[in-house]
A.B. asks: 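Here you go, one structure.
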Amino acid sequence: MTIVMPFRGTVKGLQSVFNKKESSGVSADSKYKTDEGKRSGTAPSKPSGTLKKNYVQSIGGNPDFKLSYLKFQVPKHIEVMHTQKLINVCDKAEGNSFYRSTQMQICSLNATISRGKERRNSAQSETVVPPPGKIEFQSVTTDSVILSWGVPKGLKGPKIFRVMWSKGGWSNARKLEAVPSPRHPTAKVHLDATAVSLKRSQGKEMQAIRTEEYSDLEPETEYITNVKSSEPNTVVPPPGKITFSSVDINSLVLSWELPKGLKGPKNFIVKWTKGEWIHGRELEGYSVVKDAHQFEINDLELGQRYIFSVATDKDGNLSEWVENFVFTAVPAPRLLTKTHSEASAVTLKWTKGENMEGIKHQFIITLKSPGKERVAIQTKECFKTISNLEPGTEYTIEVSTMLIDRCSEPVSTTILTEACFRKVLSKMGLEDYYDDKLTLSTVLEINQIDTSESKLESPKSYPEAFLRKLMMLNANARSVKCVSKDVDTDKQNTINPLDLITALFLCSDGFLQQDMVVKMALCQFAVPLLMPNHDTREITMMLWAMREIVRTFSPSKLAFRNLSCEERIVLTDIPLLSFVRLGRTSLSKSQVLNKLLSNTKECYDIFYNRNMEGGDVPRKISEGLVEMTWYLPCGKKNTDKFTEPLAVANLRGDIRDFDKQFSFLCQTSAAVYIFCDESEMDYFKDLEGMVVEARLLLISSIQGKSFTLKTMTIKPSLKTTTVSQRKNTESELVKALQESVPKMLGNCPVKVSLANLADTARRCDILVDEDIDECQGVRKNADNIIQHIANTSMFKEKQLPSQGHIWKQLSLLETEYWRLRNAGNENIEDYRKSLKITEKDLKTHQQRLEIRAAMLRFFHGVASEVQRYYFLKWLEMDLDNLSRNELSDLKDRYKELREKCPEDTEKIAEIDQKISARSLRLEHFFRECGQLFQCANHLPEFSSQRKTLEQLPELCAQMLLDGFPLELVDGDAANIPLKWITEVLRELHKSMHSKSKLKVITIIGAENSGKSTLLNTMFGVRFAVSKGTCTRGAFIHLINVNEHVRRKLECDCIMIIDTEGLKPNQIVQDDHSDERDIEVASLAVALSDATIVSVSSDNSKEKDLLEMVLHAFTRLKNVGKKPLCHFVDTNMSESPAVERKKRGKELVKQLNEVIRKDTRMRKAKITKCSDVMEFDRDTFSWYMPPVWNGTPPMAPFSVDYSETAHALKKRLIGDLKKCQGRGDLMQFISDVDRFWKGL
Ligand SMILES: Nc1nc2c(ncn2[C@@H]2O[C@H](COP(=O)(O)OP(=O)(O)O)[C@@H](O)[C@H]2O)c(=O)[nH]1
Ligand SMILES: [Mg+2]
């Protein structure tokens, strides 16, 4: 039988032609072209030449032929029916070729097998000796091959095999015959051997022989022939180790070491396949590399195992194959982001890796948290919600693409699950206040902290510590920390101050929020603009909370005239600059902002940042918070960094996580500065649909190392333009930003007031705090009143007539009745009778006055308990806005006069009078209430108006309890509406369930010496502080004493009385109004348990002032006790302690001097100051440091001032503890009555 193999030129295969009758020895010609095997896709090269003769095994009687061949050392078989004359040896893979060397081996080996003994008798099937089974090559080295073959089927008894091999062709064939073996025998035969030894694999050395025949082989034993080559040089050395580089998803470079000791030109044959050299599997590729030892392969499949073999081809002789495998890369997923996260779950999304379309794959997500086992989850989708996470824990999440057995490199992200909101609150001891909000009056209560030294022992004490400090305007308030030496408890106890602030805002009512915001602004802390609630997942714009901020500043248009303006900041049109970040940045955005906004080199921490104490603690409930602050110029060129006011917003957290906030800022800001890394730029591609009104600026960094400022447009396509050179340091960046801001804002920046941004917030699905019914419902009522005010003095005359003229007249008569200043020589009884008659007429006249529309509206506004305070606040703010416009010029003139020509008292008094006439504040409405109430008993008994009026004292009492001040002495009439005050205090006594033992602290002293400021700082209260004019009359605030310290202090509440300033050298007035200040001071002193006297040592009128002070102390006889006294000096900067003592001694001396010279006092047998006041010689004199730490408005409130005020407060409370009280409110009422009448 002969096989003819005409090569038909198909690259896919060879055709074999069978000739059944012929048989012959095998000869294979090597006419194949060998250098064209490289796969080249669609146009594979075609080997040329013809395989003339070939041989195939034939087994007579067996209907099948089996054609076996090796292709690239992979044995292949083709089964052929005996009738078949032609067979196509076909390789499926396009472009594969057969090569000479391969082909030759196929033929020769198969030929050997088929040279069974019975070959010649192949026609007689019965006598045919079955051939051995398949030959397998078990090991091929440079100089040997182990081959084995199957036992011939159905052949019993001993047999001998003959192995023949040949180099090149069959011309110099060698043979080896072995003793029969029932099992697969193995022989290792040197392909070029001249000497062959056969060794038993168990170690027994066989005799070295030069024969190829072995006769004493043992059955079931593997034999290895050890072959020594006599012609070693004729073997082609193989290449060295194969290595891979640049392994990508579809390409790689492989290289191999050059074969040792081979000189001259040589080729390498590289072949590869996917997976394994599995029998039957086609080759992926084949290539001949000429004289190079590196080869790049493209178009591979991603994520596959590729096995590569390289052999040296030296002049047509092939070396042994060297093999190695590699996996092509699997594309990693892209754009992994967190779309949603809560306490115990997080949702992630990503996109498929490159070229993954149409490839079956999954994703594997691994989660790792500190101290926990790694968890892996599989998914087919490009998103996943992972639940059952630990709240408040940092997880590192990796996502990889997964093919059947291969994974890509992971992409990773770190997320912090939200802390269990309530848990965080409860850690701070605030959980109860989440539903039942904290109120201002609770916060202002006097408690243990005021009475004893207490240390912060746990985070539960943080909120109180913070609030206490904040209420005292201590700019260090945010640095609250436990005192514990234990590092572990320290860690547990740490809370990021932003979390603390967020928690407090979420647990406070609208009024405490307002108060906190005002005080935070005074401390130059950023205040919350958008407040996230991680419990309800709502975001709230804190417009109401910010409404009370009023700031004075000097924009360029006023600065050159040396003027300033006072503005309610939420109503002022100021351009907004927002600062946000994408991803994590190594740079602290807040720190950069602080530097940008601080006027001084020593930057002030407006925004809390990670470099501050507790700032590095992970934020749990404040992610997504947008804080806000303002840059306000003072009008001084060498101080101001920006000449126009700026509003600055700062988003805490990644914009990817807080798109609502980001979207709001993009719609409302003049410019949005985005801190991000170059690598994250892809994110902006997704933002095409977003509404962006702001100019977008990138502060892009390369791995946080250098920063470049770029402008960016998103529509119609993402485009960035570099606007500044690369900045390498933070301070360079700050400088670049400082230059960029005015440029960004240009000539007409987008300026919108915060109040007008509320609509945008609503559109962005952000709540607005003041949208609640109780707040909006009464806004109309307040508006209704305001609308009717065209002119404040006219309004007062028309709408609030009871307190006007008549009340002033009545007051004059009343005080004259008690004080008999103008009685002259007249009989007192008659004189008083005549006064009474006039008074009666006036009263009748007053009683006949109708309640005016404005007051009816006012009553309507305060009627509902729920809405009352919202109404009052709206009205208070609206009135303030009104009078700001009306009074600002007058106030400026007043201030100027007082500073430049204080001796022009007449002029000052005139302006003061004007200011007073035009002022319209909440207290005017309450004054009217008082007057109407005093006349109420003249209304029909069951009339609704009378009923309304009779409810007013109770309402006012409640207001006092809730932290509103009450006017005690009407400064305009210089009188106390005794009936009204008595009733209010009586109601207060009732509200306190008759537990109203009180102690009284008052302040008297020079006008405009910061008395109200000091009281506000000490007690957190809100006495009016004005830039020019000062308080008239006297106001009271009531401060509750916490149950736990009531016994210690022997009182249930503390009353604070703020008084009008003493004005020495006033022009004597006919109506004795010049005496009002001293009367008020005397009353206050008489009522007080402790008195603060505010003096200024550098005041030229100090002596006069001290005289007035002493008169205030001595005017009332039979008061019964001497108040404790502290003198406070507000105008001096810090002085050392020695100085203080000296000042104290000096003061005593001065006071005694005044007494010595005063005849009235001598008459009253007062010889020294200790006769009228109690004081500690060493400690009664205090110095208040300057209020502002720098130049307002950018200066924060001075910590020194706050701390000095705190020390004074502690001291006062300590004093109160020691002093014997005056009894309860009922006693106080009678004292007020007695003292006021007895002045
Ligand atoms: N420089 C300086 N200004 C102060 C000080 N205390 C208060 N002021 C300011 O002086 C003005 C009047 O303060 P105020 O407390 O109303 O004084 P009062 O009339 O004595 O009650 C306000 O604008 C305060 O901000 C102080 O210690 N130093
Ligand atoms: Mg005052």
Side-chain angles (χ1 to χ4, degrees), residues 472-473 518-519 521-524 549-553 564-566 634 880 884 887-888 891-892 894-896 898-899 902 908 912 915-916 919 921 923 965 967-969 971 1001-1037 1056-1064 1076-1077 1080-1081 1084 1091-1099 1101 1105 1108-1109 1112 1127-1135 1182-1205 1208:
M472 296 197 71
L473 296 169
V518 165
K519 285 171 178 159
L522 283 174
C523 291
Q524 289 293 349
I549 308 178
V550 173
R551 305 293 298 267
T552 306
F553 57 94
S564 60
C565 58
E566 192 189 66
C634 65
D880 184 56
R884 186 168 309 112
L887 297 178
S888 77
K891 282 192 175 179
D892 279 341
Y894 184 88
K895 200 177 159 196
E896 203 181 312
R898 271 179 42 96
E899 274 164 16
I908 293 174
D912 189 39
I915 291 174
S916 157
S919 294
R921 291 183 302 269
E923 67 234 36
E967 190 178 58
L968 178 69
V969 182
I1001 296 173
T1002 64
I1003 193 159
I1004 63 165
E1007 62 167 340
N1008 250 309
S1009 59
K1011 297 185 298 297
S1012 307
T1013 307
L1014 180 60
L1015 287 182
N1016 290 350
T1017 312
M1018 282 199 292
F1019 297 100
V1021 289
R1022 299 282 293 281
F1023 287 117
V1025 171
S1026 57
K1027 71 172 173 181
T1029 54
C1030 38
T1031 322
R1032 279 166 175 265
F1035 285 82
I1036 55 175
H1037 249 297
I1056 319 252
I1057 307 179
D1058 186 21
T1059 61
E1060 175 174 351
L1062 295 167
K1063 295 174 266 297
R1076 188 188 62 226
D1077 55 351
V1080 170
T1091 302
I1092 304 163
V1093 183
S1094 170
V1095 288
S1096 312
S1097 56
D1098 52 14
N1099 193 320
K1101 294 177 204 150
L1105 185 84
M1108 288 184 84
V1109 167
F1127 280 69
V1128 172
D1129 205 316
T1130 47
N1131 266 1
M1132 287 220 321
S1133 45
E1134 277 170 90
S1135 304
W1182 294 74
Y1183 284 87
M1184 295 309 295
V1187 179
W1188 301 110
N1189 185 11
T1191 316
M1194 287 313 285
F1197 202 84
S1198 150
V1199 174
D1200 276 350
Y1201 184 94
S1202 166
E1203 283 177 354
T1204 311
L1208 177 56

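Order of appearance sets the numbers: ligands from 1, and atoms from 1 within every ligand. Along the sequence shown, residues are numbered consecutively beginning with 1.
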A.B. asks: Answer yes or no as to whether an N/O/S atom of Ser1012 is found below 2.8 Å from the Mg ion (ligand 2).
C.D. replies: yes

A.B. asks: Any chance you could lay out the side chain to side chain contact (heavy atoms under 4.5 Å, CB included) test for Ile1001 and Met1018, step after step, and finish with the verdict?
C.D. replies: CA-CA 11 Å; Ile1001 296 173; Met1018 282 199 292; 5.7 Å; no

A.B. asks: Determine whether Phe1127 and Trp1182 satisfy the following criterion, ring pair (Phe, Tyr, Trp, His ring centres under 6.0 Å), listing intermediate values before the conclusion.
C.D. replies: CA-CA 6 Å; Phe1127 280 69; Trp1182 294 74; over 10 Å; no

A.B. asks: Using heavy-atom distances only, which candidate in Thr1013, Ile1004, Ile1003, Val1128 approaches atom 24 (C) of ligand 1 most closely?
C.D. replies: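 Among Thr1013, Ile1004, Ile1003, Val1128, the closest heavy atom to atom 24 (C) of ligand 1 belongs to Thr1013.
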
A.B. asks: Counting N and O atoms only, with roles assigned by atom type, does the side chain of Lys519 sit under 3.5 Å from a partner on the main chain of Gly1020, one being a donor and the other an acceptor?
C.D. replies: yes

A.B. asks: Quick one: does Ser1009 get an N or O within less than 3.5 Å of an N or O on ligand 1?
C.D. replies: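 For ligand 1, there is an N or O atom that lies under 3.5 Å from one belonging to Ser1009.
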
A.B. asks: In ligand 1, which numbered atoms sit nearer than 4.0 Å to a non-hydrogen atom of Val1187?
C.D. replies: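 Under 4.0 Å from Val1187, ligand 1 has these atoms: 4 (C), 5 (C), 6 (N), 26 (C), 27 (O), 28 (N).
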
A.B. asks: Answer yes or no: does an N/O atom from Ala1024 fall short of 3.5 Å to an N/O atom of ligand 1?
C.D. replies: no

A.B. asks: Test Glu566 against every option in Arg884, Lys891, Arg551 by the side chain to side chain donor-acceptor pair (under 3.5 Å) rule and name the one that passes.
C.D. replies: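 Of Arg884, Lys891, Arg551, side chain to side chain donor-acceptor pair (under 3.5 Å) with Glu566 is met by Arg884 alone.
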
A.B. asks: Out of all atoms in ligand 1, which are within 4.0 Å of some heavy atom of Asn1008? Include the element for each.
C.D. replies: 11 (C), 12 (C), 17 (O), 18 (P), 19 (O), 20 (O)

A.B. asks: In a check of side-chain contact (heavy atoms from CB on, under 4.5 Å) between Arg1032 and each of Ile915, Asp912, Val969, Asp1077, which one passes?
C.D. replies: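 Single pass found, and it is Asp912.
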
A.B. asks: Check each atom of ligand 1 against the heavy atoms of Lys1011 and keep those under 4.0 Å away; list them by number with element.
C.D. replies: 15 (O), 17 (O), 18 (P), 19 (O), 20 (O), 21 (O)

A.B. asks: Nearest heavy-atom pair of Glu1060 and Val1080: which atoms, and what distance?
C.D. replies: N-CG1, 4.3 Å

